[in-house]
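Read the structure below first, then the notes.
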2 protein chains.
Amino acid sequence: MTLHRQSLILTENCPIRDVLDRLGDRWTVLVLHELAGGTLRFTEVRKRIADISPRMLAQTLRRLEQDGLVRREVFPTVPPRVDYALTALGSSFFERIEMLAQWASDHHDEVRAARQAYVAPAANAPL
Amino acid sequence: MTLHRQSLILTENCPIRDVLDRLGDRWTVLVLHELAGGTLRFTEVRKRIADISPRMLAQTLRRLEQDGLVRREVFPTVPPRVDYALTALGSSFFERIEMLAQWASDHHDEVRAARQAYVAPAANAPL
DNA sequence: CCGTATCCGTGCCGATACTG
DNA sequence: CAGTATCGGCACGGATACGG
């Protein structure tokens, strides 16, 4: 995502944006969620997230590894085996995501009610 | 909340996804951030977020209003005036986002260091 | 001033085939 | 098993022009 200027949150080189952007993609949170349950192999993650393609899983894991949130461990066996696990950093990050998820869960009824009650304003006709 | 496997996060009508998806788009967090400072008119938000187009601002505000996070108040004056402000729900939501932002800020150095240290694994050559 | 309508480019993601 | 390579669709968002 392009960086934006002039904001406490969004200035260039913005640490917030670096992190929040990852929440926007389709799989990151899911993968973190699965790894929060413990170390998993590539295929094990695939099975748990039924409709993720190998391409997207690899890409997601790579980025998490790059950012130090996930540790990748390769065993030189045949057939090959690769374990993925959250790092301490990854765990602490996922904790915050869970807090957000908790909020969403707690207030979902209010959001749904608001959506229900919402009536679109007449186009270009304030009052 | 015990995000459970398969998946409280991804199922349809999922409360978590409803919320997290909004963090993925380019402007929502920014707009919330600006409104957290107090009520603003449409144009005032535009000025503060310099490169947002009227289209995207309107769209973002509409969704926030729909979800009950922002309240829209129209004054039948000439020229027209429309105020936007966070609701209590919106404020409590933004608090959680700030917690996440705080985490990002606190750990940005670690993430940057991890990115720096990262070396891509050789393609298809585990060890 | 406060938006909407329209067009269009870009990048995410899915599907699939293939390799060490 | 653990990925990579390639192609293509489609939604998201940018730019612009216009309307109440």
Side-chain angles (χ1 to χ4, degrees), chain A residues 1-5 10 17 20-31 34-35 39-66 70-85 120-127, chain B residues 10 17 20-31 35 39-66 70-85 120-127:
Chain A
M1 211 178 275
T2 319
L3 289 178
H4 183 276
R5 80 169 242 304
L10 204 58
R17 204 101 199 112
L20 258 40
D21 278 354
R22 300 273 54 78
L23 299 186
D25 65 44
R26 187 137 173 8
W27 301 112
T28 297
V29 173
L30 260 323
V31 169
E34 298 304 337
L35 292 182
T39 299
L40 291 174
R41 302 175 60 173
F42 189 89
T43 309
E44 291 174 332
V45 181
R46 272 195 80 180
K47 278 180 192 160
R48 284 170 149 87
I49 308 178
D51 47 359
I52 193 173
S53 70
R55 169 180 146 79
M56 290 315 294
L57 179 54
Q59 183 178 117
T60 303
L61 286 169
R62 278 289 180 277
R63 273 200 292 234
L64 289 171
E65 194 199 355
Q66 268 181 48
V70 160
R71 178 176 40 251
R72 177 174 182 267
E73 189 175 6
V74 178
F75 300 90
T77 57
V78 175
R81 165 182 180 161
V82 181
D83 283 359
Y84 292 92
N124 285 330
L127 269 224
Chain B
L10 199 61
R17 204 108 198 108
L20 258 39
D21 279 355
R22 301 271 55 76
L23 298 186
D25 65 44
R26 181 133 199 276
W27 302 113
T28 297
V29 173
L30 260 320
V31 170
L35 293 182
T39 299
L40 291 175
R41 302 175 60 173
F42 189 90
T43 309
E44 291 174 330
V45 181
R46 273 195 80 180
K47 277 178 194 163
R48 284 171 150 86
I49 308 179
D51 47 358
I52 192 173
S53 70
R55 169 180 146 79
M56 290 315 294
L57 180 55
Q59 185 178 114
T60 303
L61 286 169
R62 279 289 181 276
R63 273 200 293 234
L64 289 171
E65 194 198 355
Q66 266 181 51
V70 160
R71 178 176 41 249
R72 178 175 182 266
E73 189 175 5
V74 179
F75 300 89
T77 57
V78 174
R81 163 181 181 162
V82 181
D83 282 358
Y84 292 92
N124 282 331
L127 267 225

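So you know, we letter chains A, B, ... as the sequences are listed, proteins then strands, and number each from 1.
- Taking CD1 of A/Ile52 as the start and CD1 of A/Ile49 as the end, the distance is 5.0 Å to the nearest 0.5 Å.
- Axis orientation changes by 50° from one end of the helix from C/dC1-D/dG20 to C/dG20-D/dC1 to the other, with each end axis drawn from 5 pairs and the value rounded to 10°.
- Contacts of A/Thr43 classified as side chain to side chain contact (heavy atoms under 4.5 Å, CB included), with partners at least two apart in sequence or in another chain: A/Lys47.
- Atom-to-atom, CG of B/Leu40 to P of C/dG3 comes out at 13 Å; the value is rounded to the nearest Å.
- Remark: B/Arg22 engages B/Asp25 in a side chain to side chain donor-acceptor pair (under 3.5 Å) (not counting sequence neighbours).
- Regarding B/Asp25, its CG atom lies at a distance of 18 Å from the P atom of C/dG11, rounded to whole Å.
- When rounded to the nearest whole Å, the span between CG of B/Leu57 and P of C/dG3 equals 8 Å.
- OP1 or OP2 of D/dG3 has at least one side-chain nitrogen or oxygen of A/Tyr84 nearer than 4.0 Å.
- B/Asp21 pairs by the side chain to side chain donor-acceptor pair (under 3.5 Å) definition with nothing, not counting sequence neighbours.
- Expressed to the nearest 0.5 Å, how far OG1 of B/Thr28 lies from CG of B/Leu23 amounts to 7.5 Å.
- Per the geometry, CD1 belonging to A/Ile49 stands 15 Å off C1' belonging to C/dC13, to the nearest Å.
- Residue A/Arg41 places at least one side-chain N or O closer than 4.0 Å to OP1 or OP2 of D/dA2.
- Partners of A/Glu65 under the side chain to side chain contact (heavy atoms under 4.5 Å, CB included) rule, at least two apart in sequence or in another chain, are A/Arg62, A/Arg72, B/Tyr118.
- Across C/dT4, D/dG13, C/dC1, the shortest atom-to-atom separation from the side chain of B/Ala58 is found for C/dT4.
- Residue B/Leu61 contributes atom CG, which lies 16 Å from atom P of C/dC1 at whole-angstrom precision.
- Between B/Thr39 and B/Glu44, the shortest heavy-atom contact is O-OE1, 4.4 Å.
- Evaluation of the side chain to side chain donor-acceptor pair (under 3.5 Å) rule for A/Arg41 yields no partner, not counting sequence neighbours.
- For A/Arg62 and D/dT4, the shortest distance from a side-chain N or O to OP1 or OP2 is below 4.0 Å.
- Regarding A/Phe42, its CZ atom lies at a distance of 18 Å from the P atom of C/dT19, rounded to whole Å.
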Check: protein-nucleotides 14-17 of chain C nitrogen or oxygen pairs below 3.5 Å:
{"residue": "C/dG14", "atom": "OP1", "partner": "A/Arg26", "partner atom": "NE", "Å": "3.3"}
{"residue": "C/dG14", "atom": "OP2", "partner": "A/Trp27", "partner atom": "NE1", "Å": "2.9"}
{"residue": "C/dG14", "atom": "O6", "partner": "A/Arg55", "partner atom": "NE", "Å": "3.1"}

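- Distances from the side chain of B/Gln59 to the nucleotides D/dA2, C/dC13, D/dG13 place D/dG13 closest.
- For B/Arg55, there are no side chain to side chain donor-acceptor pair (under 3.5 Å) partners, not counting sequence neighbours.
- Residues satisfying the salt bridge (Lys or Arg N to Asp or Glu O under 4.0 Å) test with B/Arg46, not counting sequence neighbours, are none.
- Contact annotation: A/Arg81 side-chain N/O to D/dG3 OP1/OP2 distance is not under 4.0 Å.
- Put simply, CG on A/Asp21 is 13 Å from C1' on C/dC12, counting in whole angstrom units.
- Considering only the side chain of A/Pro80, D/dA2 comes nearest among C/dG3, D/dA2, C/dC1.
- Taking atom CG of residue A/Leu23 and atom P of nucleotide C/dC12, one finds them 15 Å apart after rounding to whole Å.
- Ranking D/dG3, D/dC1, C/dC2 by closeness to the A/Thr43 side chain, first place goes to D/dC1.
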